[in-house]
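Heavy-atom basis, side chains included; hydrogens, waters and symmetry copies ignored. Chain identifiers are assigned alphabetically (A, B, ...) following the order of the sequence lines, protein sequences preceding nucleic acid strands; residue numbering begins at 1 within each chain.
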Amino acid sequence: GAVVSQHPSRVICKSGTSVKIECRSLDFQATTMFWYRQFPKKSLMLMATSNEGSKATYEQGVEKDKFLINHASLTLSTLTVTSAHPEDSSFYICSARMGVNSNQPQHFGDGTRLSIL
Amino acid sequence: AQKVTQAQTEISVVEKEDVTLDCVYETRDTTYYLFWYKQPPSGELVFLIRRNSFDEQNEISGRYSWNFQKSTSSFNFTITASQVVDSAVYFCALTFTGTASKLTFGTGTRLQVTL
């Protein structure tokens with residue numbers, strides 16, 4: 001149980017393109033979803049927290065207009081990297097949590113490797 | 001403020017050796033939760049264990065065991081008889097109670113198990 005699907009797994013595109021990444025909880029309802037960014041050989045950096053039906057809460061230093069997050073249903077959250085540039089190249093990982101309580105573990109997607117040329 | 005320290009950046013062992021991954025945390029909260037996740041080369045994070053601050057019992061799951069010592073703020077993870085498939089980056093993480101809480105990750109320990 002607790003499967004999270006993230007799509008696409010890999011994206012290579014030109015600078016200036018907008019890229020949408022989907023995160024789906026397949027067998028549970030995810031009240032809260034998280035988006036992380038991970039640089040090579042580094043830990044996960046939380047970008048934002050999204051609760052279904054409300055605006056995402058962004059971490060300090062993360063541009064809201066650059067990284068658009070939508071959590072329209074209990075099973076789907078999307079991250080759109082708008083007008084992507086080479087510095088946005090990274091590994092993006094989503095996670096989903098049942099309920100709003102922190103004692104529930106986050107279950108992670110497989111990640112999306114984004115490469116901007 | 002919360003902090004998780006995984007002092008071991010990389011560990012290399014030969015198959016069948018036992019290995020312990022250290023995790024030390026800092027928090028002012030009296031109620032908190034600790035987690036271990038595994039990130040194999042493919043990239044996905046796999047949830048391994050959750051432990052709350054009131055439960056100091058050690059736990060064993062197959063070849064995996066966890067030692068939670070509140071007195072030293074440590075939550076160490078031991079793999080017994082390591083296998084090549086155990087090669088991965090292992091992250092320790094901490095969160096406090098509350099709807100606004102987030103996971104604070106350590107920097108991870110890269111475990112390489114060779115034949």
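Identified by a heavy-atom distance below 4.5 Å to chain A, the contributing residues of residues 40-59 of chain B are B:S42, B:G43, B:E44, B:L45, B:F47, B:R50, in residue-number order. Near-neighbour residues of residues 55-86 of chain A relative to chain B, defined by a heavy atom under 4.5 Å from a heavy atom of that chain, comprise A:E59. Residues of residues 31-38 of chain B lying under 4.5 angstrom from chain A, judged on non-hydrogen atoms, are B:Y33, B:F35, B:Y37 by number.
Under the 4.5 Å side-chain contact rule for hydrophobic residues, B:F68 and B:W66 share a cluster. At a threshold of 4.5 Å between side-chain heavy atoms, the hydrophobic network of Ile, Leu, Val, Met, Phe, Trp and Tyr places A:L114 and A:M47 in one connected group. In terms of hydrophobic clustering, with Ile, Leu, Val, Met, Phe, Trp and Tyr side chains grouped at heavy-atom distances under 4.5 Å, B:F75 and B:V19 are assigned to a common cluster. At a threshold of 4.5 Å between side-chain heavy atoms, the hydrophobic network of Ile, Leu, Val, Met, Phe, Trp and Tyr places B:F91 and A:M45 in two separate groups. A:I116 is connected to A:I21 through a chain of hydrophobic side-chain contacts under 4.5 Å among Ile, Leu, Val, Met, Phe, Trp and Tyr, so both are in one cluster.
With sequence neighbours excluded, the residues forming a side-chain contact (heavy atoms from CB on, under 4.5 Å) with B:T5 are B:K3, listed by chain and number.
Of all the heavy atoms in B:G106 and A:S43, the pair that sits closest is O-OG, 2.6 Å.
In this structure, chain A has no heavy atom under 4.5 Å from any part of B:Q6. When heavy atoms are compared at a cutoff of 4.5 Å, A:Q38 approaches chain B solely by way of its side chain, counted from C-beta outward.
Among A:G109, A:P105, A:G111, the residue with the largest count of heavy-atom pairs under 4.5 Å with chain B is A:P105.
Enclosure of atom CD1 in B:I60 is not indicated, since only 12 or fewer non-hydrogen atoms of other residues, nucleotides or ligands lie within 6.0 angstrom.
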- How far apart are the C-alpha atoms of B:Q39 and A:I93, what are their side-chain angles, what is the distance that settles it, and do they pass the side chain to side chain contact (heavy atoms under 4.5 Å, CB included) test? CA-CA 12 Å; B:Q39 187 178 35; A:I93 312 175; 3.9 Å; yes
